[in-house]
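Values reported hereafter were calculated over all heavy atoms of this structure, with side chains retained and with hydrogens, waters and symmetry mates removed. By convention in this document, chain letters (A, B, ...) are assigned in the order of the sequence lines, proteins followed by strands, and residues within each chain are numbered from 1.
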2 protein chains.
Amino acid sequence: MTAPAPPSDLKLDEFLCFAVYSASHAFNRLYKPLLDELGLTYPQYLVMVTLWERDDRTVGEIGERLFLESNTLTPLLKRMEAAGLVSRSRDPADERQVRLRLTDEGRALLDKARQVPPCVLDATGLTGEEARSLTDQIGALRTALSR
Amino acid sequence: MTAPAPPSDLKLDEFLCFAVYSASHAFNRLYKPLLDELGLTYPQYLVMVTLWERDDRTVGEIGERLFLESNTLTPLLKRMEAAGLVSRSRDPADERQVRLRLTDEGRALLDKARQVPPCVLDATGLTGEEARSLTDQIGALRTALSR
DNA sequence: CACGATTAGATCGTGAACGATTTAATAGGA
DNA sequence: TCCTATTAAATCGTTCACGATCTAATCGTG
């Protein structure tokens with residue numbers, strides 16, 4: 001005689017973490033075909049965005065911007081270097097640091113990349129204003145979680 | 001003479017996708033020590049939640065619930081089986097399907113797991129009502145993105 | 001009933017994430 | 001000046017995520 005399992009009070013659909021987790025994957029799936037056009041993966045695209053914003057950054061600066069550590073970034077950046085998008089070189093003034101610079105090819109990719117965000121906004125079904133609001137709310141959430 | 005780089009109009013901080021991506025990682029980092037107590041990774045925890053909600057599910061049903069495919073789930077579920085949390089067995093009525101069932105140990109873990117969501121809500125700094133609202137907005141976003 | 005089409009999982013290879021550790025360079029104090 | 005502490009990346013091992021493909025079981029139509 002097995003006792004009936006006590007009902008679980010953990011409801012997946014009410015989990016904020018799961019909403020975020022699954023939305024993150026949904027974004028990834030949406031981006032995949034768009035970024036394939038650029039020869040980038042999603043995290044590589046984020047690195048490119050940080051370098052398009054400001055070139056010539058250290059691994060640590062990029063990591064600070066993207067909330068990633070060198071153990072994630074080093075292999076990713078090496079793949080980007082192999083793809084001809086960035087150069088990696090030790091800073092002569094401080095040989096501990098590795099500076100990332102866009103190649104001409106990497107810089108040129110910005111033109112194509114400008115077409116991506118409008119496609120993505122369209123797929124969200126949100127207005128620009130709604131998207132901004134949600135971005136701010138989730139940004140604040142990330143800040144709270146990182147304490 | 002290199003021309004000054006044209007300013008990028010792609011602003012990382014305005015990217016909804018990046019807010020979601022980085023919040024997802026922030027959740028993971030928050031969950032890690034909590035779930036270490038239970039001997040679970042975060043995706044394994046999600047599988048447990050689905051089975052606590054309803055036991056005896058196929059790989060496909062779990063995947064439908066979590067938006068994951070068998071190529072992700074099969075190895076994950078095998079690790080959970082090896083950890084003694086679930087059993088995997090072919091459905092006699094349809095040998096293509098593999099049914100997942102909680103072991104006694106897996107069922108018993110629910111008690112400990114109930115302590116997790118309050119900790120997480122606390123870390124978000126949100127009220128229950130705010131968290132619910134955000135969960136709904138992000139859930140709707142995921143639905144829109146998956147079209 | 002047969003047999004091609006479909007379905008459910010599993011397998012394989014690649015690229016992230018990340019904890020833990022290591023290596024090399026710089027900084028700073030006795 | 002040396003020598004210890006700190007810092008920046010890199011390395012290693014494990015677990016996800018996912019595209020592509022494979023295998024085996026079942027379905028459906030003639």
Check your understanding: Which atom pair, heavy atoms only, marks the closest approach of B/R65 to A/F18?
Key -> O-CZ, 3.5 Å
Check your understanding: Between A/P75 and B/P75, who's closer to the 5' end of DNA chain D by nearest nucleotide?
Key -> A/P75
Review point. Nearest heavy-atom pair of A/T127 and A/L121: which atoms, and what distance?
Key: O-CD1, 4.2 Å
Exercise for review: For A/E81 and C/dG15, give me the distance from atom CD to atom C1', rounded to whole Å.
Suggested key: 17 Å
**Study point:** B/T72, nearest nucleotide to its side chain (from D/dC18, D/dT15, C/dA17)
**Key:** D/dC18
Exercise for review: Nearest whole angstrom, please: distance from the P of D/dT14 to the CD of B/Q44.
Suggested key: 15 Å
Practice item. Fit a plane to each ring of A/F15 and B/Y45, take the angle between them on a 0 to 90° scale, and name the class: parallel (under 30°), tilted (30 to 60°) or perpendicular (over 60°). Key: parallel
**Study point:** Any side-chain donor near an acceptor of the partner, B/R101 and B/S89, under 3.5 Å
**Key:** yes
Check your understanding: Do A/F67 and A/R142 have side-chain heavy atoms sitting under 4.5 Å apart?
Key -> yes
Point to revise | Interatomic distance where CG belongs to B/D36 and P belongs to D/dT14 [whole Å] | key: 16 Å
**Study point:** Spacing between B/R99 atom CZ and C/dA10 atom P, to the nearest angstrom
**Key:** 13 Å
Exercise for review: Name the closest nucleotide to the A/T58 side chain, picking from D/dT11, D/dA9, D/dT15.
Suggested key: D/dA9
Study note, to complete from the structure: When rounded to whole Å, the CG to C1' distance for the pair B/L30 and C/dC18 reads 15 Å
Review point. Checking all strands, does A/T41 fall into the base, sugar-phosphate, or nothing category for heavy-atom contacts under 4.0 angstrom?
Key: sugar-phosphate
Check your understanding: Quick check: does any side chain N or O of A/T74 sit under 3.5 Å from a backbone N or O of A/S70, one acting as donor and the other as acceptor?
Key -> yes
Point to revise | Close approaches to DNA chain D from residues 89-98 of chain A, in residue order (heavy atom, under 4.0 Å) | key: A/R90, A/R96, A/Q97, A/V98
Point to revise | Sidechain N-carboxylate O distance under 4.0 Å for B/K11, B/D13 | key: no
Check your understanding: Could you state the CG-P distance from A/L73 to C/dG15, rounded to the nearest angstrom?
Key -> 16 Å
Study note, to complete from the structure: Smallest heavy-atom separation, B/V86 atom then B/L77 atom, equals CG2-O, 4.1 Å
Practice item. Would you indicate what A/R88 reaches in the nucleic acid, counting non-hydrogen atoms under 4.0 angstrom: base, sugar-phosphate, or nothing? Key: sugar-phosphate
Check your understanding: Which of the following nucleotides, C/dA16, D/dG19, C/dG9, is nearest to the side chain of A/L76?
Key -> C/dA16
Study note, to complete from the structure: Here the residues of residues 18-25 of chain A within 4.0 Å heavy-atom distance, strictly under, of DNA chain D are A/Y21, A/H25
Practice item. Tell whether A/S70 reaches the base of D/dA8 with its side chain through a donor-acceptor pair below 3.5 angstrom. Key: no
Check your understanding: Checking A/D91 side chain against A/Q97 main chain: does a donor-acceptor pair fall under 3.5 Å?
Key -> no
Review point. Which nucleotide in the list C/dA17, C/dA10, C/dG15 gets nearest to the side chain of A/R79?
Key: C/dG15
Review point. How do A/V59 and A/K32 order along DNA chain D: which one's closest nucleotide is nearer the 5' end?
Key: A/V59
Review point. Expressed in angstrom and rounded to an integer, what is the separation of A/Y31 atom OH from D/dA17 atom C1'?
Key: 18 Å
**Study point:** Base of C/dG19 paired with side chain of A/N71 (donor-acceptor, under 3.5 Å)
**Key:** yes
Exercise for review: Select from B/E61 and A/L68 the residue whose nearest nucleotide in DNA chain C is closer to the 5' end of that strand.
Suggested key: B/E61
Review point. Quick one: is C/dA16 close enough that its OP1 or OP2 comes under 4.0 Å of any side-chain N or O from A/K78?
Key: no
Review point. Under 30°, 30 to 60°, or over 60°: which ring-plane class applies to B/Y31 and B/Y42, parallel, tilted or perpendicular?
Key: tilted
